[in-house]
Every structure is written in structure tokens, then in C-alpha cells.
Amino acid sequence: MIQPATPAATRSHTQADFSRPPGARRLPRIDRAEGIWLIDTEGNRYLDASSGPVASNLGHGHPRILAAMAAQAKKAVFAYPSQFESEANAAFSERLARLAGPGLDCPFIVSGGSEAVESAIKFLRQHAVVAGEGSRWKVIGRQPGYHGNTLGALAVSGDAHAHEVFGPLLRAVERVPAPMTYRLPPNHTAETHALACAQALDEAILREGPETVLAFIMEPVGGLATGALVAPDAYYAEVRRICSRHGVKLIFDEVMSGAGRTGKFLAADHWPGARPDVVVMAKGLSAGYAPMGAALFPRAMVERVAAAGGFMHGFTYSAHVMNCAVGDAVLAEVEDADLVGNAARMGTLLRGRLDALADASPIIGDVRGLGLLLAVELVADKATKAMIPLERMAPYRVQELALARGLALYCRRTSRGTYGDWLMIAPPLTVTADEVALLTERLGLVLDDYAAELRADGVVAA
Ligand SMILES: Cc1ncc(COP(=O)(O)O)c(C=O)c1O
């Protein structure tokens with residue numbers, strides 16, 4: 001077993017000190033990383049079971065990306081996009097638009113998912129003003145749902161806890177229920193519940209006044225907020241119909257699900273009849289090798305805004321030259337190594353192994369997701385679906401136990417865990433069958449450790 005990291009006494013300040021109580025056990029300190037492995041300064045090795053925060057899609061230390069970084073660094077790292085165009089920006093945008101497919105022709109490139117969400121909302125608002133629809137400004141989101149931590153992105157997220165604290169700073173928007181599939185209201189199937197959730201969107205638009213509603217934002221395959229929620233197929237088509245009927249733009253937040261993770265380049269590609277108007281991406285776009293996000297828009301909309309004076313938006317590091325070169329190299333590798341296909345194949349294998357773990361474990365209530373964007377939901381009782389008491393902070397405890405077994409898991413709760421507690425299982429898209437086997441073997445041991453702890457405390461039946 002891996003020993004606890006160095007005690008607090010000798011430490012310097014790190015980012016972790018903003019979130020961990022004073023005196024808490026230190027997190028391992030990263031020394032180097034290669035492939036699916038993260039190695040700390042004590043030489044302990046951790047298998048990256050969730051690609052950091054579902055970002056490291058190519059694993060670590062990928063030679064092609066390191067070479068692209070070095071080559072670009074020797075030419076130009078930074079040139080401001082209102083002063084110079086760059087080859088790296090042109091190549092990256094062209095490749096991204098081709099992979100994203102028709103109607104998503106123009107990427108606006110920023111430094112992360114939250115910035116990309118802000119960019120999508122501001123662009124759509126400015127487009128509405130230019131198009132003579134200035135009454136439209138409201139963005140409807142889902143509860144639970146997550147779109148980022150900047151104030152605008154948080155405003156459209158469905159996180160009761162964050163809204164308790166930051167609510168006074170946010171312009172409130174309507175939220176409609178996300179079509180959760182595990183715990184259903186009485187007399188509902190997953191499909192009838194999902195259609196009721198779509199109906200709630202229609203009612204919210206009518207209540208607000210369709211002429212005031214700008215957009216609906218949703219994660220087509222959920223991230224941490226819902227634990228890789230995949231809605232029944234009928235939901236997507238119905239949401240698309242409702243948005244079209246009311247002239248409301250449909251934004252898919254593919255920050256986590258995009259760039260191949262679900263076994264298609266976009267999760268949207270699983271539902272071709274429900275094509276969104278705008279897609280937001282980040283994470284896998286640069287696979288953790290550079291800060292990167294993008295909002296993808298139809299060319300006609302971009303030309304309209306540009307002709308009317310230009311998009312009133314941007315950041316110092318928009319379309320950063322080095323980051324674009326990294327993004328282009330990452331997507332080139334995704335294409336050349338067929339990592340989208342690998343995500344589909346390894347996703348099926350991993351899903352089968354997680355289902356087998358769930359059969360054997362008293363605390364896995366549900367396994368869900370698509371491709372390599374998977375989650376397991378933890379429960380105290382599989383028959384009743386009773387949650388593990390929230391104050392036990394189950395995902396964080398499992399994260400700790402996992403580190404001791406050489407497994408790195410990503411945790412973050414939405415709405416204080418009131419919708420349930422789950423673990424994201426999302427290894428790099430480069431994962432092999434042997435690594436899938438090792439990941440699930442270690443995860444099984446970790447969950448056995450946790451089940452034993454819960455049994456000893458009487459939370460889980462003996
Ligand atoms: C679905 C989704 N949207 C937006 C974001 C925000 O992205 P970032 O942390 O890069 O700002 C995240 C981050 O986890 C996410 O999962």
C-alpha cells in the first residue's frame with residue numbers, strides 16, 4: 001500500500017491549500033508522468049483512471065505533442081490575434097471544424113471550458129441583437145448541470161450549493177430538470193421521465209415568453225454533475241424540436257464529452273437528428289497539454305456579427321499561438337491513431353468490466369455513460385438505492401483509498417451530492433485492454449476496502 005504523503009509541517013503553499021483543511025494529509029506531489037501513469041516525488045505510481053479531470057485524452061508525455069510544442073516554441077509562442085493571424089490558428093480551426101462537421105464551421109478559441117461557455121452565450125446574445133431579436137437574453141439550463149466556474153457559466157449551471165454561496169452575484173436563469181435515469185419518479189420509465197423533462201423545457205420557455213429566451217444549454221452526455229448521464233434517445237429529438245419551434249438556440253456543452261471521448265468525435269454525433277446550433281469544447285481538445293477551449297458557431301452567424309462591427313469579446317490569450325499548435329497536434333493524433341474508434345472499443349470493454357464489478361459489489365448501484373465517459377454510482381443499499389449518508393463524503397473517501405492502491409480518481413460534487421454520489425471512470429483514449437484490466441482490478445480492491453469500512457460502521461448490511 002502507498003503510504004500517506006509528507007506531513008504538513010515542512011510544506012510550502014500550493015493550490016491545494018485553498019481547498020484542504022489546514023493540517024490535512026498532503027496530496028502526492030507530481031514528479032513526472034508517462035502514458036497512463038502519474039509518478040510522485042516518492043516514486044509511487046498511480047494509474048490515471050479519469051484522465052485528471054477527464055482531460056488527459058492522450059495520456060502523459062506523448063512524444064508527438066512534446067515535439068509539436070518544441071517546434072512551435074522555436075517559431076512563435078504568442079502573437080495577439082487582433083494584430084496577427086497565425087498558421088497554428090488556421091490549421092487547428094480547419095481541422096476542428098472538419099471533425100465537428102457541418103454547421104460548426106467557426107471555432108472561437110479561448111483558454112478553457114468556462115471561457116468557451118461565456119463566449120457561446122455572449123456571441124448568441126450579440127447575434128440576437130444584430131438580427132433584430134434584442135428581446136432574447138435568457139439562457140435556460142438544467143438541474144443538475146455544470147458549465148463552469150466563471151460567473152456567467154455558473155449562472156447557467158444547476159448547482160444548488162454554488163448558487164447558495166454565489167447566487168447574489170449571478171443573474172438568475174431558469175433551470176429545468178435533467179432527465180436522470182437511475183432514481184425515477186413513481187410510475188415513470190426512464191423514457192417517460194425524460195419526455196416529461198423535455199416538456200418542462202417547453203413550459204419554461206412559454207412561461208418566460210419565447211421572445212425573451214436566447215438559448216438552452218445542456219451536456220449531451222453528462223459530466224460530474226450527473227455522473228455521465230445519457231438520456232433516452234427520444235429526449236434529444238424532443239429538445240431539438242422544442243428549441244426550433246421557439247427559435248431558441250440549442251447549445252451542447254461538450255467540454256467533457258467532445259473530442260472523441262464517447263466513441264464519436266462529438267457526443268452530438270450519436271443523435272444526428274438533434275444537431276445543436278452551437279457546441280462548446282475544451283479538455284480533450286488539447287488533452288491537458290495546454291489551456292484550451294473553443295465555442296463552435298455556424299459561418300453565417302459569424303459573418304453576420306462580423307459585418308455588424310465584430311464580436312465584442314476576447315481575452316489576452318484567445319487563439320494563443322502555442323496552444324493552437326498543441327490543439328492541432330492533439331487532434332492530428334486523435335485522427336491518425338483512430339482514438340475515437342479506440343474509445344468506442346475500450347469503452348465497451350471497460351463497461352463490461354464495470355458491470356461485472358457492480359454485480360459483485362454491494363455498493364455499486366448503477367453504471368452508466370458512453371464510450372470512455374463512464375461513471376459508477378455508489379449506494380448504501382442496491383435494492384432500495386439508498387444513498388451513502390452525504391456527510392461521509394463518499395467520493396472523496398474513495399479517492400483517498402484509491403491513491404493508497406495506486407489509482408488516481410477525480411472527484412467533485414455538485415449540489416452537495418443530493419442527486420447521488422458517483423465516480424467518473426474515464427481513462428485516456430489511448431488506454432489498452434491490459435490497462436483496462438488493471439484499472440478495474442484496482443478499482444475493485446478500492447471498493448472492497450470502502451465497503452468493508454461501511455460495513456464496520458453499520459452503513460452497509462453485513
Ligand atoms: C461540462 C463542463 N462544462 C464546462 C466546464 C468548465 O471547464 P473549465 O474547468 O475548463 O473552465 C467543465 C469542467 O469540468 C465541464 O465538465
Side-chain angles (χ1 to χ4, degrees), residues 15 18-19 50-57 107-122 139-159 161-162 166 170 173 175 178 180 215-231 250-262 266-268 276 278-296 315 317-318 320 323 326-327 330 368-375 395 399 409-415 419 422-426:
Q15 199 84 345
F18 280 95
S19 47
S50 46
S51 306
V54 196
S56 300
N57 284 11
F108 187 85
I109 296 165
V110 292
S111 307
S114 305
E115 279 189 10
V117 168
E118 301 274 341
S119 304
I121 294 171
K122 284 182 72 182
V139 180
I140 299 177
R142 300 198 311 188
Q143 182 87 36
Y146 183 67
H147 303 292
N149 263 331
T150 52
L151 294 177
L154 198 56
V156 299
S157 296
D159 182 337
H161 186 204
F166 300 111
L170 310 174
V173 297
R175 266 171 297 272
M180 304 297 274
F216 175 56
I217 184 163
M218 58 172 268
E219 300 155 77
V221 176
L224 266 161
T226 56
L229 173 69
V230 185
L250 177 59
I251 307 174
F252 274 6
D253 179 341
E254 298 232 21
V255 166
M256 213 177 254
S257 62
R261 178 149 289 281
T262 67
L266 293 179
V278 172
V279 165
V280 172
M281 301 178 74
K283 296 191 186 260
L285 260 192
S286 60
Y289 288 88
M292 168 62 69
L296 281 66
F315 304 100
Y317 296 129
S318 301
H320 185 276
N323 294 358
V326 169
V330 165
R368 53 180 180 261
L370 253 185
L372 286 172
L373 184 48
L374 297 170
Q399 184 179 39
L409 287 175
Y410 171 47
C411 293
R412 190 176 51 72
R413 260 181 167 173
T414 297
S415 296
Y419 293 91
W422 36 76
L423 309 168
M424 301 303 293
I425 309 298

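Whatever order the structure lists ligands and atoms in, that order sets their numbers, starting from 1.
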Donor-acceptor contact present, side-chain [X] to main-chain [Y], <3.5 Å:
X: Arg175; Y: Ser157; value: yes
X: Asn57; Y: Ala287; value: no
X: Glu254; Y: Pro220; value: no
X: Ser257; Y: Ala267; value: no
X: Glu118; Y: Ala153; value: yes

Among Leu224, Val230, Leu229, whose side-chain contact (heavy atoms from CB on, under 4.5 Å) with Thr226 holds?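 For Thr226, the side-chain contact (heavy atoms from CB on, under 4.5 Å) test succeeds with only one of Leu224, Val230, Leu229, which is Leu229.
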Against Val117, only a single residue in Leu154, Asp253, Asn149, Val139 fulfils side-chain contact (heavy atoms from CB on, under 4.5 Å); can you say which?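 With Val117 as partner, Leu154, Asp253, Asn149, Val139 yield a single side-chain contact (heavy atoms from CB on, under 4.5 Å), made by Asp253.
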Shortest protein heavy-atom distance from [atom], along with the residue and atom involved:
atom: atom 11 (O) of ligand 1; answer: Ser114 OG, 2.6 Å
atom: atom 16 (O) of ligand 1; answer: Met256 CE, 3.5 Å
atom: atom 13 (C) of ligand 1; answer: Lys283 CE, 3.3 Å
atom: atom 8 (P) of ligand 1; answer: Gly113 N, 3.5 Å

Pairing donors with acceptors under 3.5 angstrom, does anything connect the side chains of Ser51 and Arg261?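 A donor-acceptor contact under 3.5 Å links the two side chains.
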Is any N or O atom of Val255, backbone or side chain, closer than 3.5 Å to an N or O atom of ligand 1?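 By distance alone, the answer is no.
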Short N or O distance, Glu219 and ligand 1, threshold 3.5 Å exclusive: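 The answer is no, given that Glu219 and ligand 1 share no N or O pair closer than 3.5 Å.
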Subset of ligand 1 atoms that lie under 4.0 Å from at least one heavy atom of [X]:
X: Gly112; result: 10 (O)
X: Asp253; result: 1 (C), 2 (C), 3 (N), 4 (C)
X: Gly148; result: 4 (C), 6 (C)
X: Tyr146; result: 1 (C), 2 (C), 3 (N), 5 (C), 12 (C), 13 (C), 14 (O), 15 (C)

Quick one: does Gly223 get a heavy atom under 4.0 Å from ligand 1?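 For ligand 1, residue contact (heavy atoms, under 4.0 Å) with Gly223 is absent.
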